[in-house]
Amino acid sequence: YNPPTTSSKSVYHYSPRVKVATTEEDEEAHRFVQEFKARRIALKLTQSDIGEELNLRAGARYGQSYISRMESIQLSTAIVLRMKPLLLKLLEEKEEERRRMKQNMDFDEEEY
């Protein structure tokens with residue numbers, strides 16, 4: 001058996017039953033989705049919370065089902081990568097909010 005040659009952008013994964021070709025972009029999108037979901041959960045944000053924030057920021061109609069489909073890799077790579085900058089900014093802002101809240105709480109405790 002001679003596997004097909006691949007371009008520098010494609011990686012072929014073989015299993016006994018299925019041959020799947022993924023591009024670097026597919027893998028980047030998959031890594032991003034995994035990171036996004038972990039960070040969202042660590043921030044105790046629901047999929048609905050993210051959808052609501054996106055609605056406020058992007059002026060579009062996003063909901064829990066959209067975030068769910070993204071997290072389960074049901075959206076195209078192009079869509080995920082197009083949303084990546086907005087979602088990263090949203091997470092970074094929420095993480096900064098949490099840090100400030102924690103610092104304020106720590107500061108308040110020191111006063112007593």
When rounded to the nearest 0.5 angstrom, what is the spacing between [atom1] in [X] and [atom2] in [Y]?
X: H30; Y: D26; atom1: NE2; atom2: CG; value: 10.5 Å
X: E25; Y: S76; atom1: CD; atom2: OG; value: 12.0 Å
X: Q64; Y: Q47; atom1: CD; atom2: CD; value: 4.5 Å
X: R39; Y: Q34; atom1: CZ; atom2: CD; value: 14.0 Å

#### Entry: N/O donor-acceptor pair under 3.5 Å between N104 side chain and M101 backbone
no
#### Entry: Under 3.5 Å: donor-acceptor pair, side chain of S72, backbone of S68
yes
### Task
Please go through M83's hydrophobic cluster and name the other residues, only I, L, V, M, F, W, Y counting, with side-chain heavy atoms under 4.5 Å joining them.
F32, V33, F36, L43, L45, I50, L54, Y62, Y66, I67, M70, I73, L75, I79, V80, L86, L87, L88, L90, L91
### Message
Looking at R57 and E53, is any side-chain nitrogen of the basic one under 4.0 Å from a carboxylate oxygen of the acidic one?
### Response
yes
### Task
List for me each residue that meets side chain to side chain donor-acceptor pair (under 3.5 Å) alongside K37, sequence neighbours excluded, and say none if there are none.
none
### Message
Tell me whether the count of non-hydrogen atoms from other residues, nucleotides or ligands lying under 6.0 Å of CZ in R99 goes above 12.
### Response
yes
#### Entry: Pair listing, ring-ring contact (aromatic ring centres under 6.0 Å, His included) test, anchored in residues 68-96, at least two apart
none
### Task
State, with a plain yes or no, whether a side-chain heavy atom of R40 is found less than 4.5 Å away from one of K94.
no
